[in-house]
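Naming: A, B, ... by sequence-line order, numbering from 1 per chain.
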Amino acid sequence: MKYFLKSLVKTIPVLLLITLIVFLLVRVTGDPVSLMLPETATEAERDSLREAMGFNDPLPIQYLNYLRDLVTGDFGDSFRYNTDALNLILERLPATLELAIASMIVAIIISVPLGILSAVKRNSFLDLFITGGAVLGKAMPSFWLGIMLILLLSVTFQFFPVSGRGTLGHLVLPAITLGTGIAAEMTRLIRSSMLEILGQDFIRTARSKGLGEAIIVNKHAFRNALIPVVTIMALQTSTLIGGTLITETVFAWPGLGQLLVQSVNLRDMAVVQAATFIIAIFVILSNLFADLVYRLLDPRIKYD
Amino acid sequence: MTEITEPIANEQKVKPQSSLKRLGKRLLKSKTGMVGLIIVVAVVLMAIFAPLLTDNDPAKTDVINRLLPPFWLEGGSTEFLLGTDNLGRDVLSRIIYGSRISLLIGISAVLLAGAIGMALGLIAGYYGKVWDFIIMRTVDSLLAIPNILFMLIILAVMGPSLITLILVLGGTSWVVYARMVRSETLSIKERDYVRSAKAIGAKDFRIITKYILPNVLSSFIVIATLNVATTIILEASLSFLGLGIQPPDVSWGLMLSDGREYIATSWWVATFPGIAITVTVLGVIFLGDWLRDVLDPKIKD
C-alpha cells in the first residue's frame, strides 16, 4: 500500500507536465482564437473573444487559470456541438469501451492458443507458421486490414455491415481490426514467456513426477507465463486507445476515437484538450494498476 | 526470441576479417535477414530510380480513364498495370513514387528522434539528479498520451506539411531511445574503465563520447532500425487520417484513404498500396530482428 501511494504521488508531476504540454501546444504554437472562430470572423470579433477568454493575460496567469478550470472539471465548450466538452466525451465513451473490450477478447482468443502451441511445438513447421503470422500481423497497418475485411466480408460476401454501430454484427469487423495487432504482439509475448517457464526446474520436477504433458502446460506453465503477459498488455493501454482513433474512423464507429479525429480536423480544441487529458489520466492509472498486479501476482518481487 | 548466435570460438579460428565482411557472412546464413535486406534494398532502389521505372506521372489526373481495373481484368489496360484511381491516376506509378515519401520520412524522422533521444538519454543517465528527473518525467508524460493523438494535435495546430510531419514524428518518438540509452548509461558509468577515466581527470564530455556512447551504439542501431518500421506505419496512418502528406504529393497512406471510399466498386485502389506498406515494413522488421540477434543478443522482443 505504501508503495502504491508512493507511485501515486510520483504521477503528480507527470500530470502537471501533461497539462503544460497540452496548454503550450494549443495556446502558444497557434492562435487559439483563430482555432475557435470560423475563417470568416472579423478582426473585431477576434479581439473581443480574445479579451473574453483571457488570452491577453500573461502566459503564466493563463496557465494558472487553465489549471483552475481543469480542477473544477470545466473543460470549456465544444464550438462544433455547442455543448460542454466533457459531457460530449462521456457520451462517446461507452462505444469506445465496447470496441476496446471486444478487441481484447478477439486478441485473447487468437493469441492464447497460438502462443502456447508455438512454444510447445518449438521450431516445428507450426511454430514457424505462427511466428510468421505474428510478424505479418505487426507489419500490416490496421486501417488497411480494416479496409480489406470490409472488401472481403461486407462487400463480397455481405456477412457484416460496412460501418456504424448497433447490432453485434457491427462490432465484429472493427474488433478484429483492432484486435489483430494486439494479438500479434501477445502471441510473441506468450510464446517467449512460455518458453522461459518450460525450461525451469519446477516444470522438470512436474515431468519427473509423471504428470501428463497437458496438465503441465495448462496448469503449471501457462499460469506462470501469464504474469508478464498481463502486465505488458496493461502497459499497452495507450497503444490500444491510439488504435481506436484509426479503427473508429475506418468503420465510422461513433466513439471517442472518431470524435477526436473529427475534432482535431475541425480544430475543436476544447474537446481535444479535454479528451487528451482524460485519456492520459486513464493511461497513467492503468499503468499503475499493471505495476500493482504484477507485484501481487509474482511473490518474488518485493515492495521497495 | 533470440536465436543462439554462433560460438565465439568458431570465429576466432578463421583469420581476422573486417567486421563488415563478417556481418555479411552472417547475413547469408539468416534466411529472414536476407529476405529483409533484399526487400529494403529493392524499396530503396525503387525510390531512387522511380522515374526510370514508370513513364506515367503519379499526379496526372485523367478522368476518362478513371477507376480502370488492373491489366489482367476485363477493361484493364497494359498502360496502367495496376489500374487507376478515382481521378484516373496510375496506381502503380503512385506506389513507386510513394516509396520516396515513406523512406524519406521513415529515415529522417528516425535520425531526428535518435539524435534527441541519444542526447537526452546520455544526459539523464550520466548526470542524474535534476536532469534525470526532468527528462524522465517528460518521457512519462509523453508515454501517457497515445502518440498518434499527440501527433494529430501538433499537426492540426502547425498545419500539415512534409517538414512538420518529419519534425512531429521525430520530436515525439525520441522517448524510446532516451529510456534505453539512459538505462544502459546508468550501468556503463559504474564500470571500472569509466571510473578510472574519471579518476585520471577526463572531462565529462570526453567520457560520454569516448567511453559511454560507443557502448550504447549497438542497442541503439537495433532500436532505430525497428523504429523505421513503426514510423512508416505512423506516417501512413496520419496521411490516412488527413493530417499527413497532402496532395499532390503521393503517400501510400493517402492512397489508402482515397481507396477506402471506392472499396465497394474498385478494390485495387486500396489493396495495392496496403501491400506496399506491409511488404516494406516486413522487410524492415526482418532486418531489424536479424541485427538484434547479431549485434545485441541481450534485447528480447
[X], part contacting chain B, at a heavy-atom distance under 4.5 Å:
X        : result
A:Met148 : side chain
A:Val14  : both
A:Leu151 : both
A:Thr239 : neither
A:Leu136 : both
A:Ile21  : side chain

Minimal non-hydrogen separation, [X] against [Y], with atom names:
X        : Y        : value
A:Val264 : B:Ala156 : CG1-CB, 3.5 Å
B:Thr138 : A:Leu17  : N-CD1, 3.6 Å
B:Leu256 : A:Trp144 : CD2-CD1, 3.3 Å
B:Leu152 : A:Val261 : CD1-CG2, 4.3 Å
B:Ile233 : A:Lys138 : CD1-O, 3.8 Å

Counting only non-hydrogen atoms closer than 4.5 Å, does [X] touch chain A with its backbone (N, CA, C, O), its side chain (CB onward), both, or neither?
X        : result
B:Leu149 : both
B:Ala270 : both
B:Ile232 : neither
B:Thr230 : neither

Note, [X] side chain near [Y] side chain (heavy atom, < 4.5 Å):
X        : Y        : result
B:Arg137 : A:Leu16  : no
B:Phe150 : A:Thr276 : no
A:Pro141 : B:Thr278 : yes
B:Phe133 : A:Pro13  : yes

Is the count of non-hydrogen atoms from other residues, nucleotides or ligands lying under 6.0 Å from A:Arg92 atom CZ greater than 12?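 Result for CZ/A:Arg92: enclosed.
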
Report, as yes or no, whether the 6.0 Å neighbourhood of atom OH on B:Tyr127 holds more than 12 heavy atoms from other residues, nucleotides or ligands.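 Yes, the 6.0 Å shell around OH holds more than 12 heavy atoms from other groups.
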
Would B:Leu241 and A:Phe143 satisfy side-chain contact (heavy atoms from CB on, under 4.5 Å), going step by step from the backbone distance to the final call? CA-CA 10 Å; B:Leu241 292 175; A:Phe143 51 98; over 6 Å; no

So which residue, [options], ends up with the most heavy-atom pairs under 4.5 Å with chain A?
options                                : value
B:Thr280, B:Asp140, B:Leu282           : B:Leu282
B:Val139, B:Ile275, B:Leu234, B:Leu142 : B:Ile275
B:Trp267, B:Phe240, B:Phe286           : B:Phe240

Taking atom CG of B:Leu143 and atom OG1 of A:Thr237, what is their separation to the nearest 0.5 Å?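 The OG1 atom of A:Thr237 is 12.0 Å from CG of B:Leu143, to the nearest 0.5 Å.
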
Between A:Thr249, A:Thr156, A:Val283, which shows the greatest number of heavy-atom pairs under 4.5 Å with chain B?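 The residue among A:Thr249, A:Thr156, A:Val283 with the greatest pair count is A:Val283.
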
